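The structure presented is a predicted model; accordingly, all values stated were derived computationally and were not measured. Starting from 1, each residue takes its place in the sequence as its number.
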Amino acid sequence: MVTRFLPKSILDGMAYAVLVFWIIQVSVGISLLVSWWRHGRRGAAVIITHVASVVVGLGLWIAFLLSSALWPAWAAFALLNVGNGFGDAMLVGRHRSQAGPTASYLSAILAVVKGWMPPRVTFHALFAGVVYFSCLGVCLGATVAALG
């Protein structure tokens, strides 16, 4: 039985850690969105989709924590995939505006890792992986525990 290797209390703690990570990520994202608006930009479909998918995903994660049902956790993870995809598109677009129209996804990631992006963008891009993989880990752990 999996629960003897991964006690429910540890899995629960990890699920709440994901909530904290997600809230931190959304908070930084909101600060980036406010800066974007302050510079007179409005209504880009990519940003709206990015924000909406992540916020609805956060709501589903909270539903998972309140209900212990697996479907909200996996739905939250699915929306996180959508949000991250649109976030990556924004990152590449930002990088192309600085490095030229032929800049690639890899060069955008290297720009983040090398610190060539603003600090909040760098944090948001790197911390996305923390949220993503911790969420995936809890989804997998909760699924295996439910099967055991």
Same cluster (ILVMFWY, side-chain, under 4.5 Å), [X] and [Y]:
X	Y	value
M90	V56	no
V138	L66	yes
I23	V26	yes
L60	F133	no
L80	V20	yes

For residues [X] and [Y], determine if any side-chain heavy atom of one lies less than 4.5 Å from a side-chain heavy atom of the other.
X	Y	value
F86	V51	no
M117	L91	yes
C139	F64	no
I24	F127	yes

Which atoms form the tightest heavy-atom contact between [X] and [Y], and what is the distance?
X	Y	answer
W116	Q98	O-OE1, 4.5 Å
L70	A142	CD2-CB, 3.6 Å
A103	H95	CB-CD2, 3.4 Å
R96	S104	NH2-CA, 4.5 Å
Y105	D88	OH-OD2, 3.2 Å
A145	L11	CB-CD2, 4.2 Å

Subject >> CZ-OG distance between R120 and S27, expressed to the nearest 0.5 angstrom >> reply: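 R120 CZ to S27 OG: 12.5 Å, rounded to 0.5 Å.
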Is the backbone of [Y] close enough, under 3.5 Å, to the side chain of [X] for a donor and an acceptor to pair up by distance?
X	Y	value
T122	G115	no
W61	A15	yes
T49	V46	no

Original post:
Checking side chain to side chain contact (heavy atoms under 4.5 Å, CB included) for the pair L136/W74: CA distance, chi angles, key distance, verdict?
Top reply: CA-CA 8 Å; L136 175 60; W74 282 107; 4.2 Å; yes
**OP:** Show the numbers, then the answer: is there a side chain to side chain contact (heavy atoms under 4.5 Å, CB included) between W22 and V18?
**Re:** CA-CA 6 Å; W22 208 316; V18 170; 4.1 Å; yes
Subject >> Stepwise side chain to side chain contact (heavy atoms under 4.5 Å, CB included) test for L58 and L19 >> reply: CA-CA 8 Å; L58 174 59; L19 175 65; 3.7 Å; yes
**OP:** Please work out whether the ring planes of Y132 and F77 are parallel, tilted or perpendicular, with thresholds of 30° and 60°.
**Re:**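 If you compare the ring of Y132 with that of F77, the planes turn out tilted.
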